[in-house]
> 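Following this message is one structure expressed as structure tokens.
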Amino acid sequence: MKSVQEQLNYICKGAAEIISISEMQTKLQRSVQTRQPLTVKVGFDPTAPDLHLGHTVLIRKMQHFQDLGHRVIFLIGDFTGLIGDPTGRSKTRPPLSTEQILQNAETYKKQVFKILDPEKTVIDFNSRWLAAMTSQDWIKLCAKYTVAAMLKRDDFATRYRTEQSIGIHELLYPLAQAYDSVVLQADFELGGTDQKFNLLVGRDIQREFGMEPQVILTMPILEGLDGVEKMSKSLNNYVGIQEDPKTIYGKIMSISDGLMFRYYERLTNLAPSEIEKMRRDVASEKPSLHPMELKQRLAEQIVSDFHGPVAARAAAEAFGRQFQQREVPEVMPEFSFTGAPLSLADVLTRSALAESKSQARRLIQSGAVSVDQSKVSDVALKLSVGQYVIRCGRLKWARVKID
RNA sequence: GCAGAGGUGGUCGAGCGGACAAUGGCACUGGGCUGUAAACCCAGCGCCCUUCGGGGCUACGCAGGUUCGAAUCCUGCCCUCUGCACCA
């Protein structure tokens, strides 16, 4: 087991905030002395088993704790999931069946174990104890917290101020999550900075139950591809770790330079000083590296994390051919239609390159469509019998055969 | 429960009897410039049809009504918020 100081350094790396450092030291010291591992709890939403890069920031930190020999619990919030989206944006979710939950858990495992050690990871579900609670239990739990304290949470405060609705059930979310920490006797709880409030409630409630409060560690939230919102599937600004190598590579290549550095910070193991050096270099009068090259490295590294170096190399090369040398991609959807001559607009719609015929027309008019590498401007163009390679926008291609 | 404010397109937010498929911002999509970067410029942005002139359909919380004509006026309902009341 590593020394307390070594552990501290490793744990702090990349963290946004830790509350509190001194309590953490106490816990680590005790752990080293008694040779007992600490319990580290991290909760995950059961309805989104599609992990993306944003989740990996946190999962990497879990990995650090595993490396140090602590006990990491991957907690699936299958019960809290019923309460609704903690950001308050979306409606209450329909309850998941046991089957679905188990299925989601399997999907989670498959993805999480690309990073975490399956041998060292405990997977648990909070319905195990939350579903068993009686009304009385809930009332007792609720009695341990106050509305005023609850309204300190930023999104509640904002919604209250801007006259948005706040369902009472939503107030139960932080309480339930906090109670998880009581049941699991968590020494640590990890989460994104957006979870800070909920994690803090965990401390308060543990104290109420006469326990030593957990130390909370927040990790920075990863911005989505737009560089503004947090990465999330519903905002469609994410990079899923299960996506194919070419897609991941391409998505990373489309981010802005500023975002690229932040991704370096949060998604690679490079030391902060090295990243700072790159940043200065790019900003200097005569950069030794083109920012695009740095981005290519980043993209390849990230693909490699989830698909291995061979696939990453291949993705990089395919990208170079398709976008930098403007070659036609080897693989694209193929369609076969009858009834020649067909209007180009029809073909675009039927091959799913455009959503409607009107949209197809608009795309043609705006110069987005090319047939066999030459741009088409005639909205009424008809295609006779033959084979064509059709491109619509930068990304969509189709090989179409017309009889 | 009483009183008041409000519910408009992906979002914010104008409009308050015809000229409204609905100003504007943002987001988004295409094009140009590039490094599939940013910034910037141009265009599009409900659905369908079009000989590209235009034509049709569906939309402003829901349901009715008044009117030649309603997002706009009236009635009822639903929802949100604020103040008061209630606070076991």
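Naming: A, B, ... by sequence-line order, numbering from 1 per chain.
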> Go ahead and name the base partner of B:U51; Watson-Crick or wobble counts if both distances stay under 3.5 Å, otherwise write none.
none
> Could you say whether A:H290 or A:G393 is positioned toward the 5' end of RNA chain B, judged by the nucleotide with the nearest heavy atom to each?
A:G393
> Given atom CD of A:Q324 and atom P of B:A37, what is their separation to the nearest angstrom?
10 Å
> With a 3.5 Å limit on both atom pairs, tell me what B:G46 is paired to, counting Watson-Crick and G-U wobble, or say none.
B:C57
> Reading RNA chain B from 5' onward, which residue's closest nucleotide shows up sooner: A:M253 or A:G367?
A:G367
> Sticking with atom C1', work out how far B:A19 lies from B:U72, rounded to a whole angstrom.
15 Å
> Please report the distance, rounded to the nearest Å, between CG in A:D346 and P in B:C48.
11 Å
> Looking at every strand, decide which applies to A:L259 at a 4.0 Å heavy-atom threshold: base, sugar-phosphate, or nothing.
nothing
> Within the 3.5 Å criterion, strictly below it, is a donor on A:Q195 or A:E189 matched to an acceptor on the partner's side chain?
no
> Salt bridge or not for A:R362 and A:E355, using N-O below 4.0 Å?
no
> Using the C1' atom in both, what is the distance from B:C52 to B:A59, to the nearest Å?
25 Å
> Is a donor from one side chain sitting under 3.5 angstrom from an acceptor on the other, for A:E6 and A:S3?
yes
> Would you mind calling B:G53 syn or anti? Take O4'-C1'-N9-C4 for purines or O4'-C1'-N1-C2 for pyrimidines, and syn is within 90° of 0.
syn
> If you measure from the P atom in B:A21 to the same atom in B:C16, how many Å do you get, rounded?
16 Å
> Could you give the CD1-to-P distance, from A:I364 to B:U29, as a whole number of Å?
20 Å
> Mind checking side chain to side chain donor-acceptor pair (under 3.5 Å) for A:E317 and listing every partner two or more places apart, or none if nothing turns up?
A:R313
> Closest to the A:L363 side chain: B:G32, B:A38, B:U29?
B:U29
> What is the base-pairing partner of B:U75, counting Watson-Crick and G-U wobble geometry with both distances under 3.5 Å?
B:A63
> Between B:G15 and B:C86, how far apart are the C1' atoms? Round to whole Å, please.
40 Å
> What integer number of Å spans the C1' atoms of B:G13 and B:U23?
10 Å
> Would you indicate what A:K396 reaches in the nucleic acid, counting non-hydrogen atoms under 4.0 angstrom: base, sugar-phosphate, or nothing?
nothing
> Can you tell me, in whole Å, how much space there is between the C1' of B:C41 and that of B:G46?
28 Å
> Could you tell me the separation between the CD1 atom of A:I252 and the C1' atom of B:G35, rounded to a whole number of Å?
15 Å
> Is B:C68 paired to anything, Watson-Crick or G-U wobble with both distances less than 3.5 Å, and if yes, which nucleotide?
B:G18
> Rounding to a whole Å, what distance do you find between A:L348:CG and B:G30:P?
13 Å
> Applying the Watson-Crick and G-U wobble criteria at under 3.5 Å, what pairs with B:A39? Answer none if nothing qualifies.
none
> Out of B:A37, B:U29, B:G32, which nucleotide sits closest to the side chain of A:R394?
B:A37
> How many Å lie between CG on A:D226 and P on B:C26, as a whole number?
16 Å
> Can the positive tip of A:K144 be found less than 6.0 Å from the middle of the six-membered ring of A:F209, inside 45° of the ring normal?
yes
> Can you tell me if A:Q111 and A:H55 form a side-chain donor-acceptor pair at under 3.5 Å?
no
> Rounding to an integer number of Å, can you tell me how far A:L225 CG sits from B:A38 P?
11 Å
> Looking only at atom C1', what distance separates B:U11 and B:A27, rounded to whole Å?
7 Å
> Searching all strands shown, indicate the nucleotide that pairs with B:U23 (Watson-Crick or G-U wobble; both distances under 3.5 Å).
none
> Write down the partner of B:U82 under the Watson-Crick or G-U wobble criteria, each distance required to be under 3.5 Å.
B:A3
> Do any N or O atoms from the side chain of A:K295 and from the backbone of A:D257 form a donor-acceptor pair under 3.5 angstrom?
no
> Between the side chains of A:T39 and A:Q185, does any donor sit under 3.5 Å from an acceptor?
no
> Please determine if A:E212 and A:R30 form a salt bridge, counting it only when a charged side-chain N lies under 4.0 Å from a carboxylate O.
yes
> What does B:A88 pair with, Watson-Crick or G-U, if both distances are under 3.5 Å?
none
> Restricting to nitrogen or oxygen on both sides, can you table the protein-nucleotides 41-47 of chain B pairs closer than 3.5 Å?
residue : atom : partner : partner atom : Å
B:C47   : OP2  : A:R362  : NH2          : 3.3

> When the P atoms of B:A70 and B:A3 are compared, how many Å lie between them, rounded to an integer?
31 Å
> Can you tell me if A:K295 touches the phosphate of B:A38, counting only side-chain N or O atoms and a distance under 4.0 Å to OP1 or OP2?
no
